[in-house]
Amino acid sequence: SPTGGLHLGGVRTVLYNYLFAKKHGGDFILRIEDTDQTRYVAGAEEYIFNCLKWAGLEPDESPLHGGEYGPYRQSERKAIYRQYAEQLIKDGHAYYAFDTPEELEKMRQDFRTEQNTSPQYDHVIRMKMRNSLTLPADEVKRLLDQNTRHVIRIKLPENETVSFTDMIRGEVSFDTNVVDDKVLLKADGMPTYHLAVVVDDFLMKITHAFRGEEWLPSAPVHILLWKCLFGLKNMPQWAHLPLILGPNGKLSKRDGAKYGFPVFAMNWTDPKNEELVEGFKEKGFLPEAFINLLALLGWNDGTEQEIFTKEELIEKFSVERVHSGGAKFDYEKAKWFNHEWIKKAEVSGLRFEVKRLLSEKNIIVSDENLLDKVIGLVKDRCTLLTDFYDQSVFFFKTPEQYDLGAIKPKWNEAKQLFFAEVVRNFELTNDWNAHILENNFKEIAAVNQIKPGDVLLPFRVMLVGGKFGPGVFDIAGVVGKQETINRISKAEAAFNAG
RNA sequence: GGCCCGUUCGUCUAAGGGUUAGGACACCACCCUUUCACGGUGGUGAUACGAGUUCGAAUCUCGUACGGGCUACCA
C-alpha cells in the first residue's frame, strides 16, 4: 500500500512470503493497492520497490517490471472488480447501497447503545437502510439509471460459522452475525481491499498469502467472497503474521522518529509534512543483517542458530514455526545482528559502502589497498556501518585534538626523552612494519627503564587522538613513517603546552 | 461495548505431559589485553493468576486478569 514508508512489519511480511515462495519454487508478486486515491502517495511505488531491492527481496513480478498477471496496480484493474461485484449481486450475495455518508453517520448515532458502541451495517441494520434489499426494484433501477452515488456491499449470511485453517494459528472461526456487510466497491468505482484481494488472488493464481494479524477479523469476508465467486477450491492458504510492537505497544509509522531507532527500511520523507525519517539502510545496517533480524523476530528453526544467510533462511524457513504472539522490537538486539554481520563480512563486501561513508565526510580514499587494510583492522569494532568513520578517520587525517586528560597527569621529562629517541629510531627505520616498530619501541623502553605500558597509551593518543582503535603499531604501520613521526612531534607540542 | 488473536527471564525465544525450564540480546563479575573492541568463563533473571484432567502440566481443558488487533466508501 503506497501510503507511507515500508516499515518493519511490512518488510517482514514480504520476507516470510519471499522465503516461502523461494523454498517451494514459487514466484512472488508485488501488487500495489492504490485503491484509495486520497491516501495515495506519488513515488511510493518506487520507494517500496527500492527497499525490497536493497533488502534482496526483489519480486518476480511487479508494476515496475512487469510479469504475466498484470496490471499490478489496482487502479488499473477497476473494470475487472466491477464485473465481479455485479456478478455477486446477480447471485444474491451482494447489493447496491445508496446511503449517504450523513445517513451512515446518523445510523451509527441512532443505533448506538451501551451494549453496542459502534453499530455495524449488518443483517439487522441493512433492512433499515436505503439499499436494493429494502427499496422496490423500480426505484433501484431509477436510482441506478440516474447515476446516483452508490456502493456495493456484501450480503453476509445469517447464523453461519465461517472457519478456515490459518497456516500459523490453525483453525480460526467467526460467527457471520457479528461481521458487517463490508463495502466491496466504493462510490468512485474503486474496489476496497476486500474485493480486490480476493479477485486478484484468484486471477493471479495466488496459492499462499501472508499478511499482518490486523487482517484476521476481515478474513471471513474474504473466505465468503471466495466461496461465492470461485467455489471453495483453490482458495489460497492464509498466514496471518503476528504484529511487531514498539516499546509501548504497537509500532506506529507516525512515531517513527520518537523511538530512537528506525522503523522504515530506507529513508522516507512523508509528503504531508516533509519530515524525513531515517531508515535502517541509512542508519548503517547491512541488508543481510536486516533480513536476518526480521526473520528471527517471530521465527526460529528450533536450533540455537541465530545468524542465517538468506539462502539458509530459504532452506530452513517453515510457516509452522512462526510464533503466533506479537513481538516487541528490540533495537539492541538488532544492532547485535548487524555487528555480527559486519564482523562476518569480507573486506571487499564492505569497501564500497565504507568508501561512500568516508567521502560523505570529505575523506576521499584513492588507495584501495590502504582502505582494505583499514577496514580489516577496524571492522570488528563497528556495530553500524556509520561507525566506520569514527573508527577509521585517524588513518586518513592527523588528529586535531587529544584526550589530554588521559595523558597530562603522567606526562614527564622521561617520556619526552623516550619519544625523542623513538623518533630518531623511526627515522632510521627503513623496513616499516608493525612488528619491527613494536620491537624497536619496546627495546628503547627497556633501555630507558620505562615500562612499555606507560608509553603505549601516550603513543596511542598521539596517533589516534583518543583511547580507542586497533593496535598502535598496526596503526603506525598503516599510517606510514613520515606521518607517524609528524604525529609524535605535533602531539608532543600539545602535551607540553600549558 | 462486541468479535478475534495472544501471554515462558527486562527483550526475542526453545522445551509438541516427565529437563536442575535451554539459548541469544541487554546487564553484572572475572579472564585475555598497550586503549577501545573482539573473544573466553561465570552470574542475576521467566512459565500471568485460579481451578480441573493426570501418577505427573510451561505443555491439555475451563475461567479470570492483562496485552494487542478489528469494529471506515483506510489498508
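- Counting non-hydrogen atoms under 4.0 angstrom, A:V472 reaches a base of the nucleic acid.
- Atom CG in A:L437 sits roughly 17 Å away from atom P in B:U34 (whole-Å rounding).
- Between A:W299 and A:F308, the gap from one ring centroid to the other is short of 6.0 Å.
- The ring of A:F280 has its center no closer than 6.0 angstrom to the ring center of A:F264.
- Here A:T35 lies in heavy-atom contact (under 4.0 Å) with sugar-phosphate atoms only.
- Rounded to whole Å, the C1' atom of B:C66 lies 7 Å from the corresponding atom of B:A48.
- B:U59 is unpaired under the criterion used here, namely a Watson-Crick or G-U wobble arrangement in which both key atom distances are under 3.5 Å.
- As judged by a 4.0 angstrom heavy-atom cut-off over every strand, A:R112 is placed among residues making no nucleic acid contact.
- Base pairing annotation: B:C74 forms no Watson-Crick or G-U wobble pair, as no partner gives both donor-acceptor distances under 3.5 Å.
- For A:F394 and A:F468, the ring centers are positioned less than 6.0 Å apart.
- Heavy-atom minimum distance, A:A97 versus A:N131: CA-CB, 3.7 Å.
- Spacing of C1' atoms, B:U53 relative to B:G45, comes out at 32 Å, to the nearest Å.
- When heavy atoms are screened at a 4.0 angstrom cut-off, A:N300 is found touching the sugar-phosphate backbone but no base atom.
- A:F174 comes within contact range of the sugar-phosphate backbone alone, with a heavy-atom separation under 4.0 Å but no base atom that close.
- Nucleotides B:C49 and B:C5 place their P atoms 23 Å apart, quoted to the nearest Å.
- Using a 4.0 Å heavy-atom cutoff across all strands shown, A:D99 reaches at least one base atom of the nucleic acid.
- Nucleotide B:C66 carries an anti base; the chi torsion (O4'-C1'-N9-C4 or O4'-C1'-N1-C2) is more than 90° from 0.
- Using C1' as the reference atom, B:G6 and B:A58 are 16 Å apart when rounded to the nearest Å.
- Using a 4.0 Å heavy-atom criterion, one finds that A:P470 contacts the bases of the nucleic acid, with or without backbone contacts as well.
- Here A:K106 does not pair with A:E102 in a salt bridge; the nearest charged N to carboxylate O distance is not below 4.0 Å.
- Here B:C32 sits opposite no nucleotide as a Watson-Crick or G-U wobble pair (both hydrogen-bonding atom distances under 3.5 Å).
- Using a 4.0 Å heavy-atom cutoff across all strands shown, A:G469 reaches at least one base atom of the nucleic acid.
- In this structure B:U47 sits in no base pair that meets the Watson-Crick or G-U test at under 3.5 Å.
- Residue A:D301 contributes atom CG, which lies 19 Å from atom P of B:C12 at whole-angstrom precision.
- At whole-Å resolution of the value, CG in A:L216 and P in B:G67 are 20 Å apart.
- Rounding to whole angstrom units, CG of residue A:L296 and P of B:C12 are separated by 13 Å.
- Contact annotation for A:W299: no contact, since no heavy-atom pair falls under 4.0 Å across all strands.
- Contact of A:R39 with B:C74 (side chain to base): a donor-acceptor pair of N or O atoms is detected under 3.5 Å.
- Scanning atom types as modelled, no donor and acceptor separated by under 3.5 angstrom connect the side chain of A:K182 and the base of B:A72.
- For B:G6, the paired nucleotide is B:C66, the pair qualifying as Watson-Crick or G-U wobble because both relevant distances are below 3.5 Å.
- Among the protein residues, A:R149 comes within range of no part of the nucleic acid, since none of its heavy atoms lies under 4.0 Å from any strand.
- Taking the P atoms as reference points, B:C70 lies 34 Å from B:C27, given to the whole Å.
- Judged by the 6.0 Å distance and 45° axis criteria, A:K333 is positioned over the aromatic ring of A:W336.
- The aromatic rings of A:F441 and A:F473 sit perpendicular, their planes meeting at an angle over 60°, well past the 30° parallel limit.
- Nucleic acid contact for A:K335: none, since no nucleic acid atom lies under 4.0 Å from a heavy atom of the residue.
- Side-chain N/O atoms of A:K186 include one lying less than 4.0 angstrom from OP1 or OP2 on B:A75.
- Taking 4.0 angstrom as the limit, A:R108 places a side-chain polar atom (N or O) nearer than this to OP1 or OP2 of B:A72.
- Of the P atoms belonging to B:A46 and B:G40, the separation is 26 Å, rounded to the nearest Å.
- Only the C1' atoms considered, B:G18 is 39 Å distant from B:C3, to the nearest whole Å.
- Across the protein-nucleic acid pair, A:F164 atom CZ and B:C4 atom P stand 13 Å apart, rounded to whole Å.
- Comparing B:U64 with B:A26, their P atoms are spaced 41 Å from each other, to the whole Å.
- Following rounding to the nearest Å, A:L293 (CG) and B:U13 (C1') show an atom-to-atom distance of 15 Å.
- In this structure, CG of A:L243 is placed 11 Å from P of B:G68, rounded to the nearest angstrom.
- For the pair A:R31 and B:A75, the criterion of a side-chain N or O lying under 4.0 Å from OP1 or OP2 is not met.
- Within 4.0 Å (heavy atoms only), A:S173 reaches sugar-phosphate atoms of the nucleic acid but no base atom.
- Summarising the base pairing, B:U53 is matched to no nucleotide, lacking a Watson-Crick or G-U wobble pair whose two defining distances lie under 3.5 Å.
- Pair assignment for B:A15 gives none, since no Watson-Crick or G-U wobble pairing has each distance under 3.5 Å.
- Closest to the side chain of A:E304, out of B:G68, B:C12, B:G22, is B:G22.
- Nucleic acid contact for A:S118: base, since at least one base atom lies under 4.0 Å from a heavy atom of the residue.
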**OP:** Give the C-alpha distance, both sets of side-chain angles, the deciding distance and a yes or no for side chain to side chain donor-acceptor pair (under 3.5 Å) between A:N300 and A:R321.
**Re:** CA-CA 7 Å; A:N300 71 82; A:R321 288 200 63 89; 3.3 Å; yes
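- The nucleotide B:A21 finds no pairing partner, because no Watson-Crick or G-U wobble arrangement with both distances shorter than 3.5 Å includes it.
- Remark: A:R153 fails to qualify as a cation-pi partner of A:Y95 under the 6.0 Å distance and 45° angle criteria applied to the six-membered ring.
- Atom pair A:I168:CD1 and B:G68:C1' shows a separation of 16 Å (rounding to whole Å applied).
- As judged by a 4.0 angstrom heavy-atom cut-off over every strand, A:H323 is placed among residues touching the sugar-phosphate backbone only.
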